[in-house]
Amino acid sequence: MTLVHRDTADGVATITLDSPANRNALSAQLRRELIDHLDAALDDDAARVLVLTHTGSVFCSGMDLKESQGADANQQGINEVPRILETIWSSPKPVLARLAGPARAGGVGLIAACDIAIATDTCTFGFSEVRLGLVPAVISVTVLPRLLPRAAGELFLTGETFDAARAADIGLLNKSVPAEALDAEVARYVAMLRLAAPGALAGTKSLLRRSRPSSLADDFAAMNAMSAAFFAGEEGQEGIRAFREKRPPAWIAADGATS
């Protein structure tokens, strides 16, 4: 069963996450297929703009925690997620995210990596990592350049869910629109991007990325090490077990805290 699809027409490569039963979680298969389709779209001269979208009611719920039980299980995604984020972020072709459903954790990292992000006004977002004993380390490489610093600190630390209006206010989204207007708004942005010269778009993207103090590769290497340590650590493994068993993790049970 294929979990990611790509269709190219009229200069637009639409890449669709199609694992709705799994809330489009970043499973090993989905990660591999997404990398393949991103690479193919970037190599395709017929594709001038990339649109990343989804089937089902959820854009992307983040890493597939069913595959992340045990210290070794996390290692399979340790290079693939940075590869996906860096490919989108560094793409010479503009990448637009189209969301008709919520995103969490790694799914928010995908949105932040895209150049433009349009969502329905009912979408919600959240950095749920700390509530699972984890750290939003890898996705911080693409998320932090987008978000207002105060908002990033608050939302990373609390794991609170926030709506599309706030996502637009703090820089995660370019715009939130009613569901019936989503496709028209995406088409409007795509049409504007297609008016630009491909080389000029690539040069402008390079210009926009030039202010980073270090390379993405350096950032991802450091954040991978942090992420792996927390995934394999006592809190991370307890958080993942609690998620799978649909119960509060030990640190909540111990002090009576509520979500």
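Hydrogens, waters and symmetry mates play no part in the numbers below; they use all other heavy atoms, side chains included.
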| said: Please check this pair: side chain of R194 against backbone of Y189, looking for a donor-acceptor N/O pair closer than 3.5 Å. | reply: no

| query | In this structure, which one of I111, V108, T53 forms a side-chain contact (heavy atoms from CB on, under 4.5 Å) with F59? | reply | I111

| note | Looking only at heavy atoms, the pair that brings L85 and F220 closest together is CB-CZ, 3.7 Å

| message | Please find the pair of heavy atoms, one from G107 and one from A103, that lie closest to each other, and give the distance. | response | C-CB, 4.0 Å

| note | Scanning both residues in full, the closest heavy-atom pair of I170 with A151 reads CG2-CB, 3.5 Å

| Co-membership, hydrophobic cluster, residues L147 and L99, 4.5 Å side-chain | yes

| query | Short question: side chain of S91, backbone of T87 - any donor-acceptor pair under 3.5 Å? | reply | no

| message | Measuring from atom CZ of R48 to atom CG of L195, what distance do you get when rounded to the nearest 0.5 angstrom? | response | 8.0 Å

| query | Going by an N to O cut-off under 4.0 Å, is there a salt bridge joining R83 and E80? | reply | no

| query | Is any side-chain heavy atom of I116 less than 4.5 Å from a side-chain heavy atom of L193? | reply | yes

| Would you say the side chain of V130 lies within less than 4.5 Å of the side chain of L157, judging by non-hydrogen atoms? | no

| Going only through I, L, V, M, F, W and Y residues with side-chain contacts under 4.5 Å, is there a path from I88 to L96? | no

| Are the side chain of T142 and the backbone of I139 linked by a donor-acceptor contact shorter than 3.5 Å? | yes

| request: Given side-chain contact (heavy atoms from CB on, under 4.5 Å), test D44 with T8 step by step and report yes or no. | output: CA-CA 9 Å; D44 185 0; T8 303; 3.9 Å; yes

| Pair listing, salt bridge (Lys or Arg N to Asp or Glu O under 4.0 Å) test, anchored in residues 169-178, at least two apart | K175-E185

| request: Side-chain contact test, heavy atoms from C-beta onward, threshold under 4.5 Å: evaluate it for I240 versus K66 and give yes or no. | output: no

| Check: W89 main-chain N/O paired with R209 side-chain donor or acceptor under 3.5 Å | yes

| Gap between atom CG of L148 and atom CZ of R166 - 0.5 Å precision | 9.0 Å

| query | Counting heavy atoms not belonging to F162, are there more than 12 under 6.0 Å from its CZ? | reply | yes

| Side chain of K93, backbone of L42: donor and acceptor closer than 3.5 Å? | yes

| said: For residues 129-160, which residue pairs pass the ring pair (Phe, Tyr, Trp, His ring centres under 6.0 Å) check, not counting sequence neighbours? | reply: F127-F156

| query | Atom CG in L52, atom CG in L38: separation rounded to 0.5 Å? | reply | 7.0 Å

| message | Do V177 and F125 sit in one hydrophobic cluster, given that two such residues count as connected whenever their side-chain heavy atoms are within less than 4.5 Å of each other, even indirectly? | response | no

| note | Note: A47 and A13 closest approach over all heavy atoms is CB-CB, 3.7 Å

| Where do Q29 and E33 land on the side-chain contact (heavy atoms from CB on, under 4.5 Å) test, with the steps shown first? | CA-CA 6 Å; Q29 180 184 345; E33 292 183 13; 2.7 Å; yes

| request: Identify whether I15 and V12 are in the same connected component of the hydrophobic contact network (ILVMFWY, side-chain heavy atoms under 4.5 Å). | output: no

| Run the side-chain contact (heavy atoms from CB on, under 4.5 Å) check on T120 and S176 step by step: do they pass? | CA-CA 5 Å; T120 59; S176 68; over 6 Å; no

| Which heavy-atom pair separates L144 from A152 by the least distance, and what is that distance? | CD2-CB, 3.7 Å

| message | Suppose we screen for salt bridge (charged side-chain N to carboxylate O under 4.0 Å, His left out). Which residues come up paired with K205, at least two apart in sequence or across chains? | response | D115

| query | Between the side chain of D18 and the main-chain N/O of V4, is any donor-acceptor distance below 3.5 Å? | reply | no

| message | With a 6.0 Å cut-off (strictly less than), is the heavy-atom count around CD of E245, excluding the residue itself, greater than 12? | response | yes

| Are any of the side-chain nitrogens in R98 or D183 under 4.0 Å away from the carboxylate oxygens of its partner? | yes

| query | Short question: side chain of H54, backbone of N24 - any donor-acceptor pair under 3.5 Å? | reply | no

| task | Look only at the side chain of S140 and the backbone of A137, and say whether a donor-acceptor pair between them is shorter than 3.5 Å. | result | yes

| Between atom CZ of F243 and atom CG of L132, what is the distance when rounded to the nearest 0.5 Å? | 7.0 Å

| request: Ignoring hydrogens and angles, tell me if any N or O in the side chain of R23 forms a donor-acceptor pair with the backbone of V58 under 3.5 Å. | output: no

| query | Are L50 and L3 linked, directly or through other ILVMFWY residues, by side chains that come within less than 4.5 angstrom of each other? | reply | yes

| field | N/O donor-acceptor pair under 3.5 Å between E129 side chain and A105 backbone | value | no

| Would L17 and L34 satisfy side-chain contact (heavy atoms from CB on, under 4.5 Å), going step by step from the backbone distance to the final call? | CA-CA 8 Å; L17 308 182; L34 180 53; 4.2 Å; yes

| Are any of the side-chain nitrogens in E238 or R247 under 4.0 Å away from the carboxylate oxygens of its partner? | yes

| Minimal non-hydrogen separation, L26 against R31, with atom names | O-NH1, 2.8 Å

| query | Is the shortest distance from a Lys or Arg side-chain nitrogen in E160 or R131 to a carboxylate oxygen in the other one below 4.0 Å? | reply | no

